[in-house]
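One structure, as structure tokens, below. Some questions next.
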Amino acid sequence: MSKFQNAPGTFDLLPPDSAAFLGVREAMTAPLRAAGYDYIETPTFESTALFKRGVGESTDIVTKEMYSFTTRGGDDVTLRPEGTASVLRAALQANLIRGSLPVKLWYSGSFYRYEKQQRGRYRHFSQVGAEALGAEDPALDAELLIIGDDIYRGLGLTEYSLLLNSLGDQKCRPVYREKLQEFLRGLDLDEETRKRAEINPLRVLDDKREAVQRQLTGVPLISDNLCEECRAYHEEVRRLLTAAGVKFLDDPKLVRGLDYYTRTTFEYVHSGITGSPTAIGAGGRYDGLSEELGGPSLPSVGWALGVDRTVLALHAEGREVAAGDQLDVFAVPLGDQAREVLFELVTTLRRSGVAADFGYGSKGIKAAMKAADRSGARYALVLGERDIAENIIQIKELATGEQESVSFTDIVTTIQEKLK
Ligand code: HAM
């Protein structure tokens, strides 16, 4: 054992579990690629100012959770806590938005937040995200909501809910915000919550404490305070979801931990990870973020699905994710001459599309067959000195133990036939 350990709040992704992660990632990205989203990759660190401006100065992410540091050259940078600000920054910088809109992008990668570690809450985690930039169209919101739901259902999850809300726009949200603040000022709240009510009153709605929730009876809700345009927009998103057979729950108290959201906001929550609903994916519209970053008006919508939490949700429901790659054959050489011949054969098999591995190291037949069993391959190919002399090779089906000798000259075609 090494004297070094992984940092707190992080974990190593090891085989065989790592295959489930790859399977989940693939299940999340394939539908995006098939729906016209193009791949984007941005650096894992960016200027600290981008996230402060993009995510919001008063959010928990910016005030408590960012990994920020000054480089040797004196630049203030931060390990990305989320992807939306970076993707929009990159799209604006490269002027990707000059052509026809929306520009639809997807990404997959690591994100960093200095969180208090608990099940499903890590300091280094993995998201697959999608951002559709430059169109104000309820069908685009619906597209992402439907794809997200299809992904979770396709993976076999059943015990999750989609919570949906609208946070209004620049016109109706400030009016609602004032109304909410007025209500909150009349409550018996501790100092910190009172402060929060002044800076970011919507976040008080999200307070999990019983004593706070009790006082929120009769609180004005955003759903009753949307302007006509926002109400109609939200109704259309809801109609499209219903038409597509996507079940959702209206949650007028749903607020998000990032400040850029306008109109449509949502979370896919699962109860099997911690016992209380935990977001396995989330997103929404951010119509004002481009201007916030110094760009033109660019109404946009997106989501990010948590890969780690989705794997935990699958475990909680007892679902297996189809493991990715499976070996077709494992070659077991008995003796030096066989080693040379078989190594060549493995290369030929690989070049003809057969997934093959080889018994490296000088092992006895027992240890080598054990390695073949453990490899998960369908067939073991066993070659000894006598086989070479007779121009044959032994092929053993590992699941059944059935073994036969076949002509060495025909082995590639024989294997290909068997794998059909
Ligand atoms: P978010 O809600 O902060 O949104 O994160 C999205 C998902 O990432 C969460 O639902 C969760 O599954 C996963 N996640 C977040 N933090 C952690 C953590 N500490 N440990 C494990 N998983 C975590 C965003 O990041 C937005 N950028 C989503 C978006 C895209 N909105 C518009 N476009």
Side-chain angles (χ1 to χ4, degrees), residues 8-11 13 21 24-25 28 32 37 40 42 46 50-51 54-56 59-62 64-67 79-89 91 102-133 140-141 143-145 147-148 151-152 157 160-163 165 167 203 206 254-270 272-274 277-290 298-314:
T10 70
F11 61 89
L13 207 46
F21 269 75
V24 166
R25 245 185 228 139
M28 288 174 170
L32 291 171
Y37 287 75
I40 183 168
T42 61
E46 297 261 1
L50 170 71
F51 297 117
V55 176
T59 59
D60 279 357
I61 293 181
V62 168
K64 301 182 193 158
E65 295 171 2
M66 295 213 299
Y67 281 89
L79 298 185
R80 59 183 183 189
E82 63 106 43
T84 311
S86 304
V87 167
L88 188 50
R89 193 266 312 137
V103 171
K104 304 205 293 184
L105 303 166
W106 73 269
Y107 53 93
S108 169
S110 294
F111 296 86
Y112 309 86
R113 297 183 193 175
Y114 193 78
E115 304 240 34
K116 211 190 261 169
Q117 190 191 346
Q118 53 177 285
R119 192 171 152 75
R121 191 173 289 283
Y122 307 112
R123 291 179 178 172
H124 166 258
F125 57 96
S126 173
Q127 286 183 347
V128 168
E131 314 291 350
L133 310 177
L140 194 56
D141 306 38
E143 166 175 288
L144 279 169
L145 281 154
I147 292 175
I151 287 171
Y152 289 127
L157 286 180
Y160 71 93
S161 315
L162 169 56
L163 308 180
N165 194 16
L167 289 179
R203 286 230 59 105
D206 201 27
L254 178 76
V255 288
R256 308 264 304 114
L258 305 102
D259 276 354
Y260 48 62
Y261 290 110
T262 50
R263 291 194 169 170
T264 312
T265 43
F266 54 89
E267 283 184 356
Y268 300 91
V269 297
H270 197 278
I273 300 175
T274 59
T278 307
I280 50 176
R285 193 153 261 290
Y286 47 96
D287 293 341
L289 183 57
S290 171
L298 195 71
S300 304
V301 59
W303 57 226
L305 311 184
V307 180
D308 318 78
R309 288 192 192 168
T310 301
V311 171
L312 287 176
L314 286 162

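Both ligands and their constituent atoms are indexed starting at 1 by order of listing.
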Do Leu157 and Leu314 come within less than 4.5 Å of each other through their side chains, counting heavy atoms only?
yes

Between Arg309 (side chain) and Gly281 (backbone), is there a donor-acceptor pair under 3.5 Å?
no

For a 4.5 angstrom cut-off between non-hydrogen side-chain atoms, does Val128 reach Leu32?
yes

Compare all side-chain heavy atoms of Arg121 with those of Thr274 and state whether any distance is below 4.5 angstrom.
no

Ring geometry between Tyr160 and Tyr152 (parallel below 30°, tilted from 30 to 60°, perpendicular above 60°)
tilted

Non-neighbouring partners of Glu131 that pass side-chain hydrogen bond (donor to acceptor under 3.5 Å, both in side chains), sequence neighbours left out
Thr84, Tyr107, Tyr286

Who are the residue neighbours of ligand 1 when the rule is a heavy atom under 4.0 Å from any of its atoms?
Glu82, Thr84, Arg113, Glu115, Gly120, Arg121, Tyr122, Phe125, Gln127, Glu131, Arg256, Leu258, Tyr260, Tyr261, Ala279, Ile280, Gly281, Ala282, Gly283, Gly284, Tyr286, Gly302, Trp303, Ala304, Gly306, Arg309

